[in-house]
Number of protein chains: 2
Amino acid sequence: MAKKIQPIERCDSDVIHEEIVNKVREKMPQEETLYDLAELFKVFGDSTRIKILWALDESEMCVCDIAFLLNMTQSAISHQLRVLKQAGLVKSRREGKIVFYSLEDEHVKQIFDQGLIHISEESK
Amino acid sequence: MAKKIQPIERCDSDVIHEEIVNKVREKMPQEETLYDLAELFKVFGDSTRIKILWALDESEMCVCDIAFLLNMTQSAISHQLRVLKQAGLVKSRREGKIVFYSLEDEHVKQIFDQGLIHISEESK
DNA sequence: AACACACTTGAACAATTACTCATATGTTTT
DNA sequence: AAAACATATGAGTAATTGTTCAAGTGTGTT
């Protein structure tokens, strides 16, 4: 993305909404927390990764099986697994030549479910 | 992102993992559902939008107040509000010159909370 | 040792994206 | 009607990202 910043002129309704803005500012979580939260959701924001996570929620799988399941190259899957691992969403275990991946914890499913609730509401 | 596709050669462990892959494939939701889910999380995957959503969870606000709160231009905020509106996450209401935005429903907070749980687990 | 297999990694490229800037729209005030 | 304000929108741009391709690492087999 690009750069942020710059001094912003406040609109004329300043006086009117001053209190609201101050109240909201007080209650906002730390900048860093919100950034981390965005980073986490960014990881969920790709259909390949969503599919991988969904698959792993069903069963531990090796890289080549995930690639086969999703009809993608091992390389592409491996790159995405790296992203998922860095986000702390999956873990791996080597068994000879094969590396098995599985979900790191059960939060993934819960995050999915909340998303699905929104989607199903939407399509009404 | 680039394009997907291509015929993928299955790895040699075919026979061994065939059953698992088939079982997982059966249980996977529709392609479109997973795509929509990724699209939804993509919207959450930007810290500006996360901040806007968080602010609106505290209080209905007009564009210029959000811009002031986040120290960004009205234009930038307006562009992001458009994205949020298209995703069905926020709604707007005009009052004279001013347009007030608010959350469309209460799912937003719940999706946040799940994300925060993951983050706090992570930092242990 | 040489080879094959499962996976990882780095560079390159196309597609996407978040912002800026300039301009347009809609509303109120004069 | 003209001017001012709040917001929206389109084009342009720099940064980011997901995939491909080629080459690398690690493990088992011959």
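No experiment lies behind these values; they were computed from the predicted model shown. Below, each value reflects all heavy atoms present in this structure, side chains not excepted, and no hydrogens, waters or symmetry copies. A note on names: the letters A, B, ... follow the listed sequences, proteins ahead of strands, and every chain is numbered from 1.
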For residues 78-85 of chain A, which side-chain N or O atoms pair as donor and acceptor with protein atoms under 3.5 Å away, sequence neighbours left out?
unit_1: A:Gln80; atom_1: OE1; unit_2: A:Arg49; atom_2: NH1; d: 2.9
unit_1: A:Lys85; atom_1: NZ; unit_2: A:Ser92; atom_2: OG; d: 2.6

With a cut-off of 3.5 Å and sequence neighbours excluded, list every side-chain donor-acceptor pair involving residues 103-116 of chain A.
unit_1: A:Asp105; atom_1: OD1; unit_2: A:His107; atom_2: N; d: 2.9
unit_1: A:Asp105; atom_1: OD1; unit_2: A:His107; atom_2: ND1; d: 3.4
unit_1: A:Asp105; atom_1: OD2; unit_2: A:His107; atom_2: ND1; d: 3.4
unit_1: A:Lys109; atom_1: NZ; unit_2: A:Asp57; atom_2: OD2; d: 3.3

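For the pair A:Glu39 CD and C:dT17 P, the computed distance is 16 Å after rounding to whole Å. When rounded to the nearest whole Å, the span between CZ of A:Phe44 and P of D:dT17 equals 16 Å. D:dT25 atom C1' lies 17 Å from atom CD1 of A:Ile98, rounded to whole Å. Rounded to whole Å, the distance from NZ on B:Lys97 to P on D:dA6 is 5 Å. The separation between A:Arg49 atom CZ and D:dT17 atom C1' is 8 Å, rounded to whole Å. Regarding A:Lys42, its NZ atom lies at a distance of 17 Å from the P atom of C:dT16, rounded to whole Å. Going from atom CE of B:Met72 over to atom P of C:dC21 covers 13 Å, rounded to whole Å.
Contacts between residues 77-96 of chain B and DNA chain D, defined by a heavy-atom separation below 4.0 Å, involve B:Ser78, B:His79, B:Arg82, listed by number.
Partners of A:Lys91 by salt bridge (charged side-chain N to carboxylate O under 4.0 Å, His left out), not counting sequence neighbours: none found. Considering only residues two or more places apart in sequence or on other chains, B:Arg93 meets the side chain to side chain donor-acceptor pair (under 3.5 Å) condition with B:Glu60, B:Glu95. For B:Phe100, the ring-ring contact (aromatic ring centres under 6.0 Å, His included) partners at least two apart in sequence or on another chain are A:His17.
Among the atoms of the strands shown, none is found under 4.0 Å from any heavy atom of A:Phe100.
Distances shorter than 4.0 Å separate none of the side-chain N or O atoms of A:Tyr101 from OP1 or OP2 on C:dA6.
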- Query: Does the pair B:Lys23 and B:Glu26 meet the rule for a salt bridge (Lys or Arg N to Asp or Glu O under 4.0 Å), with working shown?
  - Reply: CA-CA 5 Å; B:Lys23 199 194 70 180; B:Glu26 257 173 46; over 6 Å; no
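In the set D:dT19, D:dA6, C:dT20, the nucleotide with an atom closest to the side chain of B:Gln74 is D:dA6. Of the candidate nucleotides D:dA8, C:dC5, C:dC7, D:dA8 has the atom nearest to the side chain of B:Val99.
The nearest pair of heavy atoms linking A:His118 to B:Ala87 is NE2-O, 3.3 Å.
Looking at B:Ser75, its side chain has no donor and acceptor atom pair within 3.5 Å of the base of C:dC19.
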